[in-house]
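Protein chains get the first letters and strands the later ones, always in sequence-line order, with residue 1 at the start of each.
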Amino acid sequence: MDADQREAYVEDVLSLVESIPPGRVMAYGQIAECLERGGPRQVGAVMATYGSGVPWWRVVRADGTLPDCHQRGALEHYRVESTPLRGAAAGESGSTRVDMARAAWQPVTGTPGRP
DNA sequence: CTCTTGACGCCGG
DNA sequence: TCCGGCGCCAAGA
């Protein structure tokens, strides 16, 4: 990958992350799939480097679990944005995680699941 | 040019 | 439901 391509990829990733509305989240693999470029790890690498300027807490793992580094700050944002949670934070049993079934967001498609 | 590493994902126990 | 291992893609040393 040339520097220009990486830069473009980074721009696309950041743009997509910023397009995620409050209360919704997107998985790394989903972002990669939507961009049809690289893979989950590449998205993670981009976020680790340039994620400081975007709502990084709206980006979670496919399972809805939060990356080890983000659990602290993300929870605060989720509480403010009313993001659907599962686990201790939601009064359920288990570790705190995002309810992907309800919080998953897809651009264009809109909101697939969400009664 | 090769080896290691990483904000990941999926399958099996 | 929780834990561990293997696979993927690309960048950095």
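Residues of residues 71-91 of chain A having a heavy atom closer than 4.0 Å to DNA chain B: none are found.
Put simply, CZ on A:Arg97 is 11 Å from P on C:dC3, counting in whole angstrom units. For A:Asp68 and B:dG9, the CG to P distance is 12 Å, given to the nearest whole Å. Atom-to-atom, CD of A:Glu92 to C1' of C:dT1 comes out at 14 Å; the value is rounded to the nearest Å. The nearest whole Å value for the distance from the CZ atom in A:Arg61 to the P atom in C:dC2 is 14 Å.
Here A:Ala45 lies out of heavy-atom contact (under 4.0 Å) with every strand. Heavy atoms of A:Ser95 sit under 4.0 angstrom from primed sugar atoms or phosphate atoms, though from no base atom.
The environment of A:Glu33 atom CD is sparse: at most 12 non-hydrogen atoms of other residues, nucleotides or ligands sit within 6.0 angstrom.
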Show which side-chain atoms of residues 47-55 of chain A pair as donor or acceptor with protein atoms under 3.5 Å away, not counting sequence neighbours.
{"from": "A:Thr49", "atom 1": "OG1", "to": "A:Ala45", "atom 2": "O", "distance (Å)": "3.0"}

Under 3.5 Å donor-acceptor pairs involving side-chain atoms of residues 5-12 of chain A, not counting sequence neighbours:
{"from": "A:Tyr9", "atom 1": "OH", "to": "A:Arg37", "atom 2": "O", "distance (Å)": "3.3"}

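Counting only residues at least two apart or on different chains, the salt bridge (charged side-chain N to carboxylate O under 4.0 Å, His left out) pairs with a member in residues 55-71 of chain A are A:Arg58-A:Glu81.
The distance from the CE atom of A:Met26 to the SG atom of A:Cys34 is 5.0 Å, given to the nearest 0.5 Å. Rounding to the nearest 0.5 angstrom, the gap separating the CH2 atom in A:Trp57 from the CZ atom in A:Arg72 is 13.5 Å. Of the inter-residue distances, the one linking A:Leu14 atom CG with A:Leu16 atom CG reads 9.5 Å to the nearest 0.5 angstrom.
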TODO: Could you run through nucleotides 8-13 of chain C and give me one letter per nucleotide, 5' to 3': B if any protein heavy atom sits under 4.0 Å from the base, S if only the sugar-phosphate is that close, - if neither?
DONE: BBSSS-
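Remark: A:Asp99 engages A:Arg102 in a salt bridge (charged side-chain N to carboxylate O under 4.0 Å, His left out) (not counting sequence neighbours).
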